[in-house]
Amino acid sequence: MTADLGHGLTATAVPQALDGVYELLESVWGTHADVLPEDRTLFGIAVVEIAGNIVEHAAAGTELEFRLDVRVYDDRLEARFQDGGIALEPDAVPTELPDDLVESGRGLAMARAAVDEIEYVRIDGVNHWLVLRRRRG
Amino acid sequence: MDVEVDGSRGTAVVRPEGRITMVNAADLRSAVTEALDAGGAMVVVDLSRCEFMDSSGLGALVGALKAARQSGGDLRIAAPTVQVVTVLELTNLNRVLRPHESVEAALRDG
């Protein structure tokens with residue numbers, strides 16, 4: 001089992017941080033040409049959504065930093081987020097898709113549909129998210 | 001974001017570029033409002049140059065679709081990239097935002 005440990009960022013949880021997250025993923029794919037396009041696309045969708053969730057719900061307009069580490073394994077892709085912001089209220093974020101013409105509340109449901117696992121735990125005042133996609137092919 | 005209105009035909013084409021996320025989703029919504037106000041009731045969003053869309057971008061498209069319908073028009077999407085097709089499918093929004101292969105096809109198709 002090999003893992004690439006070299007891709008991570010610490011950023012302020014504001015909308016513009018999503019650009020940094022996207023560019024981090026681009027740099028990961030730049031050094032891992034063997035990751036299938038389908039895996040890149042679906043993993044990227046979920047990772048950006050969790051980053052957006054941290055901006056919207058954990059920071060919620062307050063000053064907050066988050067940490068993201070991305071690892072590419074032979075059999076899976078993992079992203080781990082940590083932030084010391086507001087705890088996720090289980091009922092605050094919809095986990096099912098809203099009706100077609102509702103404008104918000106799709107993020108987490110879409111992230112869950114894109115990858116194999118989305119885990120959230122809060123330990124000692126810190127939010128931990130894991131995004132895991134098993135590599136196809 | 002490029003907005004092109006043909007008032008004589010009552011059509012408009014909105015062309016976002018790059019990523020549509022929480023950062024700039026409101027710009028897409030504003031561009032469609034601008035197109036509707038300028039007399040383009042049939043709005044086509046050309047997504048051929050949109051490399052990435054998140055749920056905020058999808059929300060903006062849904063909001064723009066509703067605004068177009070409330071104005072007596074419609075909103076259609078054209079030439080989405082693989083990433084955009086994927087987010088539409090993951091959220092089942094391809095039911096209400098059916099991709100058309102080109103701007104011309106979106107304007108022509110019912």
Side-chain angles (χ1 to χ4, degrees), chain A residues 11-26 29 36-61 93-116 118 133 136, chain B residues 1 16-33 43 45 47 49-71 73-77 80-99:
Chain A
T12 304
V14 293
Q16 287 71 20
L18 269 56
D19 291 331
V21 170
Y22 183 89
E23 283 152 19
L24 175 74
L25 291 172
E26 289 291 290
W29 310 142
L36 293 178
E38 177 192 357
D39 288 332
R40 297 179 190 201
T41 298
L42 288 159
F43 183 71
I45 288 167
V47 170
V48 171
E49 287 304 323
I50 298 305
N53 191 279
I54 291 168
V55 171
E56 196 168 348
H57 298 284
V93 181
T95 54
E96 293 185 4
L97 287 171
D99 290 341
D100 287 346
L101 293 180
V102 172
E103 292 177 42
S104 63
R106 287 187 179 81
L108 205 49
M110 184 164 85
R112 288 186 193 284
V115 296
D116 295 291
I118 300 269
R133 179 172 170 86
R136 273 52 168 180
Chain B
M1 196 160 331
E17 289 193 25
R19 302 189 280 274
I20 306 174
T21 65
M22 185 186 283
V23 175
N24 58 357
D27 297 342
L28 172 59
R29 182 66 196 276
S30 302
V32 172
T33 302
V43 179
V45 181
L47 292 167
R49 283 179 275 178
C50 172
E51 62 180 305
F52 187 91
M53 183 178 288
D54 74 355
S55 60
S56 300
L58 289 174
L61 277 182
V62 170
L65 170 66
K66 289 198 291 189
R69 288 181 177 173
Q70 281 161 11
S71 305
D74 201 1
L75 180 140
R76 294 172 186 169
I77 57 170
T81 55
V82 170
Q83 196 276 343
V84 175
V85 170
T86 304
V87 292
L88 289 167
E89 289 176 351
L90 286 172
T91 55
N92 299 323
L93 281 175
N94 50 352
R95 295 184 299 208
V96 291
L97 290 164
R98 186 165 57 89

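Every value quoted in this text rests on a predicted model; they were computed, and no experiment measured them. Naming convention: chains lettered A, B, ... in sequence-line order (proteins, then strands); numbering from 1 in each chain.
- Residues A/Leu42 and B/Leu90 are in side-chain contact: their nearest non-hydrogen atoms beyond the backbone lie under 4.5 Å apart.
- The contact list for residues 20-27 of chain B toward chain A, using heavy atoms and a distance under 4.5 Å, reads B/Thr21, B/Met22, B/Val23 by residue number.
- With a 4.5 Å cut-off on non-hydrogen atoms, A/Thr41 touches chain B through its side chain but not through its backbone.
- For B/Leu65, the part lying near chain A is the side chain, with the backbone staying farther off; criterion is any non-hydrogen pair under 4.5 Å.
- Contacts classified as salt bridge (Lys or Arg N to Asp or Glu O under 4.0 Å) and involving residues 97-112 of chain A (residues at least two apart or in different chains) are given here: A/Asp100-B/Arg95, A/Glu103-B/Arg29, A/Glu103-B/Lys66.
- When heavy atoms are compared at a cutoff of 4.5 Å, A/Val55 approaches chain B solely by way of its side chain, counted from C-beta outward.
- Heavy atoms of A/Ala109 lying under 4.5 Å from chain B are absent altogether.
- Across all non-hydrogen atoms, the minimal contact from A/Gly107 to B/Ser55 is CA-OG, 3.5 Å.
- Of the listed residues (B/Leu97, B/Val96, B/Thr91), the one with the most heavy-atom contacts under 4.5 Å to chain A is B/Thr91.
- For chain B, the nearby part of A/Glu49 is the side chain; its heavy atoms alone come within less than 4.5 Å.
- Side-chain atoms of A/Met110 and B/Leu58, non-hydrogen and from C-beta on, do get closer than 4.5 Å to each other.
- A heavy-atom distance below 4.5 Å is found between the side chains of A/Tyr22 and B/Glu51.
- Heavy-atom distances place both the backbone and the side chain of A/Leu101 under 4.5 Å from chain B.
- Heavy atoms of A/Leu18 lying under 4.5 Å from chain B belong exclusively to its side chain.
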